[in-house]
Amino acid sequence: MDEIEHIRHTFHRRSLEEASIADRRRYALHHAFARLYLHTTRGWLDFARTSNSPAFFYGLIVIFFDIYRRDVHGNILAPGSSPTPRHWRPYFDVADNASKRPALYVRNVGLFHAARAHTRHDLEEALVVTYRSFVARREAVPCFEAVHAELLGAASGRLFSAAARDYLSPLDGHPGKPGRLSGRIGSAFAAARAADAMWLVHFQNWRRQAWMSAVGEITAPSV
(Lines give C-alpha, C1' and ligand atoms only; values in the text may rest on other atoms or scores of the structure.)
Protein backbone atom coordinates (compact mmCIF):
# COMPACT_ATOMS: atom_id res chain seq x y z
CA MET A 1 0.00 0.00 0.00
CA ASP A 2 2.83 2.42 0.78
CA GLU A 3 4.24 2.01 -2.72
CA ILE A 4 0.87 2.62 -4.38
CA GLU A 5 0.37 5.70 -2.20
CA HIS A 6 3.84 6.95 -3.20
CA ILE A 7 2.99 6.47 -6.89
CA ARG A 8 -0.30 8.33 -6.41
CA HIS A 9 1.44 11.20 -4.63
CA THR A 10 4.16 11.46 -7.29
CA PHE A 11 1.64 11.58 -10.13
CA HIS A 12 -0.44 14.19 -8.30
CA ARG A 13 2.62 16.40 -7.76
CA ARG A 14 3.65 16.15 -11.39
CA SER A 15 0.10 16.94 -12.55
CA LEU A 16 0.53 20.30 -10.81
CA GLU A 17 4.19 21.03 -11.55
CA GLU A 18 4.75 19.97 -15.17
CA ALA A 19 5.36 22.90 -17.51
CA SER A 20 3.06 21.96 -20.39
CA ILE A 21 -0.70 21.46 -20.39
CA ALA A 22 -0.20 18.11 -22.14
CA ASP A 23 2.08 16.80 -19.39
CA ARG A 24 -0.15 18.11 -16.60
CA ARG A 25 -3.22 16.45 -18.13
CA ARG A 26 -1.31 13.23 -18.76
CA TYR A 27 -0.18 13.01 -15.15
CA ALA A 28 -3.65 13.98 -13.94
CA LEU A 29 -4.94 10.85 -15.68
CA HIS A 30 -2.20 8.68 -14.20
CA HIS A 31 -3.02 10.17 -10.80
CA ALA A 32 -6.74 9.44 -11.22
CA PHE A 33 -6.12 5.77 -11.97
CA ALA A 34 -3.58 5.47 -9.15
CA ARG A 35 -6.23 6.83 -6.75
CA LEU A 36 -8.82 4.35 -7.98
CA TYR A 37 -6.27 1.54 -7.75
CA LEU A 38 -5.34 2.59 -4.21
CA HIS A 39 -8.94 2.44 -2.99
CA THR A 40 -9.59 -0.86 -4.74
CA THR A 41 -6.44 -2.45 -3.30
CA ARG A 42 -7.43 -1.37 0.21
CA GLY A 43 -10.74 -3.12 -0.33
CA TRP A 44 -9.07 -6.30 -1.62
CA LEU A 45 -6.74 -6.43 1.38
CA ASP A 46 -9.74 -6.25 3.72
CA PHE A 47 -11.48 -8.85 1.57
CA ALA A 48 -8.47 -11.20 1.75
CA ARG A 49 -8.37 -11.03 5.55
CA THR A 50 -11.86 -12.54 5.81
CA SER A 51 -11.61 -14.76 2.74
CA ASN A 52 -11.75 -18.55 2.87
CA SER A 53 -8.51 -18.53 0.83
CA PRO A 54 -6.49 -15.63 2.27
CA ALA A 55 -3.05 -16.86 1.13
CA PHE A 56 -4.27 -17.15 -2.46
CA PHE A 57 -5.85 -13.69 -2.49
CA TYR A 58 -2.86 -12.03 -0.80
CA GLY A 59 -0.62 -13.59 -3.42
CA LEU A 60 -2.98 -12.47 -6.17
CA ILE A 61 -2.93 -8.86 -4.92
CA VAL A 62 0.88 -8.77 -4.93
CA ILE A 63 1.21 -10.24 -8.42
CA PHE A 64 -1.56 -7.97 -9.73
CA PHE A 65 0.42 -4.94 -8.56
CA ASP A 66 3.68 -6.33 -9.98
CA ILE A 67 2.02 -6.46 -13.41
CA TYR A 68 0.88 -2.82 -13.12
CA ARG A 69 4.36 -1.75 -12.00
CA ARG A 70 6.01 -3.61 -14.88
CA ASP A 71 3.69 -2.72 -17.78
CA VAL A 72 2.23 0.65 -16.78
CA HIS A 73 4.21 2.47 -14.12
CA GLY A 74 7.53 1.55 -15.72
CA ASN A 75 6.40 2.87 -19.11
CA ILE A 76 5.12 6.10 -17.57
CA LEU A 77 8.45 6.88 -15.92
CA ALA A 78 10.58 5.61 -18.80
CA PRO A 79 8.55 5.44 -22.03
CA GLY A 80 9.56 2.46 -24.14
CA SER A 81 11.45 0.79 -21.30
CA SER A 82 9.35 -2.34 -21.88
CA PRO A 83 6.85 -3.34 -24.56
CA THR A 84 3.40 -1.89 -23.92
CA PRO A 85 0.85 -4.73 -23.87
CA ARG A 86 -1.84 -4.39 -26.53
CA HIS A 87 -4.63 -4.06 -23.96
CA TRP A 88 -2.92 -1.03 -22.38
CA ARG A 89 -2.35 0.86 -25.65
CA PRO A 90 -5.76 2.64 -25.68
CA TYR A 91 -4.98 4.07 -22.23
CA PHE A 92 -1.57 5.34 -23.29
CA ASP A 93 -3.08 6.73 -26.50
CA VAL A 94 -5.49 8.85 -24.45
CA ALA A 95 -2.66 9.96 -22.14
CA ASP A 96 -0.30 10.79 -25.02
CA ASN A 97 -2.95 12.93 -26.74
CA ALA A 98 -4.27 14.58 -23.57
CA SER A 99 -3.71 18.12 -24.83
CA LYS A 100 -5.89 17.51 -27.90
CA ARG A 101 -9.02 16.51 -25.95
CA PRO A 102 -11.13 18.00 -23.14
CA ALA A 103 -9.81 17.23 -19.65
CA LEU A 104 -13.04 15.45 -18.65
CA TYR A 105 -12.81 13.20 -21.71
CA VAL A 106 -9.19 12.36 -20.92
CA ARG A 107 -10.01 11.36 -17.34
CA ASN A 108 -13.21 9.43 -17.97
CA VAL A 109 -12.20 7.59 -21.15
CA GLY A 110 -8.69 7.01 -19.85
CA LEU A 111 -10.02 5.52 -16.61
CA PHE A 112 -12.34 3.23 -18.55
CA HIS A 113 -9.47 1.89 -20.68
CA ALA A 114 -7.23 1.46 -17.62
CA ALA A 115 -9.86 -0.32 -15.55
CA ARG A 116 -10.68 -2.64 -18.44
CA ALA A 117 -7.03 -3.43 -19.18
CA HIS A 118 -6.16 -4.17 -15.57
CA THR A 119 -9.34 -6.06 -14.64
CA ARG A 120 -9.99 -8.01 -17.83
CA HIS A 121 -6.44 -8.82 -18.91
CA ASP A 122 -3.97 -8.26 -16.05
CA LEU A 123 -6.26 -10.12 -13.64
CA GLU A 124 -6.21 -13.10 -16.00
CA GLU A 125 -2.40 -13.16 -15.95
CA ALA A 126 -2.31 -12.65 -12.17
CA LEU A 127 -4.67 -15.58 -11.59
CA VAL A 128 -2.55 -17.89 -13.73
CA VAL A 129 0.74 -16.80 -12.15
CA THR A 130 -0.68 -17.08 -8.62
CA TYR A 131 -2.02 -20.58 -9.25
CA ARG A 132 1.24 -21.78 -10.80
CA SER A 133 3.28 -20.29 -7.96
CA PHE A 134 1.28 -22.40 -5.49
CA VAL A 135 1.91 -25.49 -7.61
CA ALA A 136 5.64 -24.71 -7.89
CA ARG A 137 5.92 -24.40 -4.11
CA ARG A 138 3.84 -27.56 -3.70
CA GLU A 139 1.32 -25.73 -1.59
CA ALA A 140 -2.33 -26.68 -1.45
CA VAL A 141 -4.23 -24.73 -4.11
CA PRO A 142 -7.78 -23.65 -3.21
CA CYS A 143 -10.43 -25.37 -5.30
CA PHE A 144 -11.56 -23.37 -8.34
CA GLU A 145 -15.17 -23.35 -7.20
CA ALA A 146 -14.32 -21.67 -3.88
CA VAL A 147 -12.11 -18.98 -5.44
CA HIS A 148 -14.66 -18.41 -8.21
CA ALA A 149 -17.48 -17.92 -5.70
CA GLU A 150 -15.50 -15.30 -3.77
CA LEU A 151 -13.95 -13.51 -6.73
CA LEU A 152 -17.31 -13.03 -8.46
CA GLY A 153 -19.59 -13.03 -5.42
CA ALA A 154 -21.66 -10.32 -3.77
CA ALA A 155 -18.89 -9.40 -1.31
CA SER A 156 -16.46 -8.51 -4.09
CA GLY A 157 -19.20 -6.48 -5.78
CA ARG A 158 -19.67 -4.49 -2.59
CA LEU A 159 -15.89 -4.00 -2.51
CA PHE A 160 -15.94 -2.26 -5.90
CA SER A 161 -18.93 -0.14 -4.83
CA ALA A 162 -17.07 1.00 -1.71
CA ALA A 163 -13.90 1.75 -3.71
CA ALA A 164 -15.93 3.81 -6.19
CA ARG A 165 -17.57 5.77 -3.37
CA ASP A 166 -14.17 6.46 -1.78
CA TYR A 167 -12.70 7.52 -5.12
CA LEU A 168 -15.66 9.84 -5.78
CA SER A 169 -15.62 11.35 -2.29
CA PRO A 170 -15.64 15.16 -2.57
CA LEU A 171 -12.59 15.33 -0.28
CA ASP A 172 -10.54 12.51 -1.79
CA GLY A 173 -7.53 13.94 -3.58
CA HIS A 174 -8.28 17.44 -2.26
CA PRO A 175 -6.34 17.65 1.04
CA GLY A 176 -6.62 21.05 2.65
CA LYS A 177 -8.97 22.38 -0.07
CA PRO A 178 -12.46 22.50 1.44
CA GLY A 179 -13.66 25.27 -0.86
CA ARG A 180 -16.74 24.66 -3.02
CA LEU A 181 -17.44 21.57 -0.94
CA SER A 182 -21.19 21.61 -1.55
CA GLY A 183 -20.67 21.44 -5.31
CA ARG A 184 -18.25 18.56 -5.02
CA ILE A 185 -20.68 16.69 -2.73
CA GLY A 186 -23.47 17.03 -5.26
CA SER A 187 -21.22 15.91 -8.10
CA ALA A 188 -19.94 13.00 -6.04
CA PHE A 189 -23.41 11.72 -5.24
CA ALA A 190 -24.43 11.91 -8.89
CA ALA A 191 -21.22 10.18 -9.99
CA ALA A 192 -21.64 7.47 -7.36
CA ARG A 193 -25.12 6.64 -8.63
CA ALA A 194 -23.78 6.47 -12.18
CA ALA A 195 -20.90 4.25 -11.04
CA ASP A 196 -23.26 1.77 -9.41
CA ALA A 197 -25.41 1.67 -12.52
CA MET A 198 -22.65 1.34 -15.12
CA TRP A 199 -19.15 0.71 -13.79
CA LEU A 200 -19.98 -2.24 -11.57
CA VAL A 201 -21.62 -4.08 -14.45
CA HIS A 202 -18.44 -3.65 -16.46
CA PHE A 203 -16.24 -4.77 -13.57
CA GLN A 204 -18.31 -7.91 -13.09
CA ASN A 205 -18.15 -8.79 -16.78
CA TRP A 206 -14.41 -8.15 -16.96
CA ARG A 207 -13.72 -10.29 -13.89
CA ARG A 208 -15.88 -13.08 -15.29
CA GLN A 209 -14.04 -13.00 -18.61
CA ALA A 210 -10.65 -12.91 -16.86
CA TRP A 211 -11.63 -15.90 -14.73
CA MET A 212 -12.82 -17.97 -17.70
CA SER A 213 -9.65 -17.25 -19.70
CA ALA A 214 -7.39 -18.01 -16.72
CA VAL A 215 -9.08 -21.32 -15.99
CA GLY A 216 -8.82 -22.23 -19.65
CA GLU A 217 -5.07 -21.56 -19.61
CA ILE A 218 -4.51 -23.37 -16.32
CA THR A 219 -6.41 -26.49 -17.35
CA ALA A 220 -5.12 -26.63 -20.94
CA PRO A 221 -3.14 -29.84 -21.63
CA SER A 222 0.63 -29.40 -21.58
CA VAL A 223 2.25 -29.57 -25.00
Side-chain angles (χ1 to χ4, degrees), residues 1-45 61 64-82 84-85 87-119 121-123 159-181 183-185 187-188 190-192 194-195 198-199 202-203:
M1 287 301 300
D2 289 344
E3 188 168 357
I4 300 175
E5 174 59 35
H6 176 71
I7 290 171
R8 183 209 64 77
H9 176 75
T10 300
F11 288 162
H12 179 56
R13 177 174 51 79
R14 296 192 68 170
S15 74
L16 300 175
E17 296 177 353
E18 289 291 332
S20 71
I21 293 176
D23 286 338
R24 290 197 298 273
R25 285 190 179 178
R26 180 163 58 249
Y27 277 102
L29 171 58
H30 299 325
H31 171 240
F33 181 64
R35 282 203 300 119
L36 181 60
Y37 192 24
L38 179 69
H39 290 305
T40 306
T41 303
R42 283 174 178 159
W44 275 114
L45 288 170
I61 291 166
F64 202 39
F65 174 66
D66 285 344
I67 293 170
Y68 165 81
R69 182 168 50 189
R70 177 196 71 198
D71 292 341
V72 184
H73 185 245
N75 272 311
I76 291 171
L77 297 184
S81 58
S82 63
T84 302
H87 54 270
W88 276 103
R89 290 175 192 168
Y91 172 79
F92 279 103
D93 177 70
V94 172
D96 291 343
N97 292 281
S99 64
K100 303 175 184 177
R101 294 157 176 164
L104 190 61
Y105 173 95
V106 172
R107 186 189 66 189
N108 290 347
V109 175
L111 278 178
F112 180 87
H113 287 314
R116 183 181 185 278
H118 204 42
T119 307
H121 298 281
D122 293 348
L123 178 58
L159 180 159
F160 280 110
S161 292
R165 287 193 298 271
D166 289 340
Y167 171 80
L168 294 166
S169 165
L171 291 179
D172 187 63
H174 301 278
K177 294 184 179 180
R180 296 182 297 187
L181 180 59
R184 288 206 299 269
I185 289 175
S187 298
M198 180 184 70
W199 273 91
H202 286 302
F203 273 119

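Residues take their numbers from the sequence shown, with the count starting at 1.
Contact between I76 and F92 at its shortest, heavy atoms only, is CG1-CE2, 3.8 Å. Of all heavy-atom pairs between A98 and A22, the closest is CB-O, 4.1 Å. Nearest heavy atom pair, residue S15 against residue A28, reads CB-N, 3.6 Å.
More than 12 heavy atoms of other residues, nucleotides or ligands lie within 6.0 Å of CG in L77, so this atom counts as buried by the packing criterion.
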Intermediate values then yes/no, side chain to side chain donor-acceptor pair (under 3.5 Å), H31 and R8: CA-CA 5 Å; H31 171 240; R8 183 209 64 77; 3.2 Å; yes
Trace of the side chain to side chain contact (heavy atoms under 4.5 Å, CB included) decision for T40 with L159: CA-CA 7 Å; T40 306; L159 180 159; 4.3 Å; yes
Pair R70-D66, side chain to side chain contact (heavy atoms under 4.5 Å, CB included): steps then yes or no: CA-CA 6 Å; R70 177 196 71 198; D66 285 344; over 6 Å; no
Criterion side chain to side chain contact (heavy atoms under 4.5 Å, CB included) on T10 and R13, from CA distance to verdict: CA-CA 5 Å; T10 300; R13 177 174 51 79; 3.7 Å; yes
Derivation and outcome, side chain to side chain contact (heavy atoms under 4.5 Å, CB included), residues E17 and R24: CA-CA 7 Å; E17 296 177 353; R24 290 197 298 273; over 6 Å; no
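Side-chain contact check for H113 versus V94: some heavy-atom pair is nearer than 4.5 Å. Annotation: side chain of I7 is in contact with side chain of F65 (closest heavy-atom distance under 4.5 Å).
Residue R42 holds its CZ atom at 9.0 Å from CD1 of I4, rounded to the nearest 0.5 Å. Atom OH of Y27 sits about 14.5 Å away from atom NE2 of H12, to the nearest 0.5 Å. Remark: R107 CZ to L29 CG distance equals 10.0 Å, nearest 0.5 Å. Note that the OH atom of Y91 and the CZ atom of F33 stand 7.0 Å from one another [nearest 0.5 Å]. To the nearest 0.5 Å, atoms CD1 (I61) and CG (L45) are separated by 4.5 Å. The line from OG1 of T119 to CZ of F203 is 4.5 Å long, rounded to the nearest 0.5 Å.
Here the two rings, on H118 and F64, have centers that are under 6.0 Å apart. Close placement of the F112 and H202 rings is indicated, their centers lying within 6.0 Å of each other.
Between the side chains of H87 and D122, a donor-acceptor pair is found at a separation under 3.5 Å. Remark: the N75 side chain and the W88 side chain contain no N/O donor-acceptor pair separated by less than 3.5 Å.
The closest donor-acceptor contact from the side chain of R25 to the backbone of R101 lies under 3.5 Å. Side chain of S81 to backbone of A78: a donor-acceptor contact under 3.5 angstrom is found.
Between H73 and F11, the ring planes lie tilted relative to each other; the angle falls in the 30° to 60° range.
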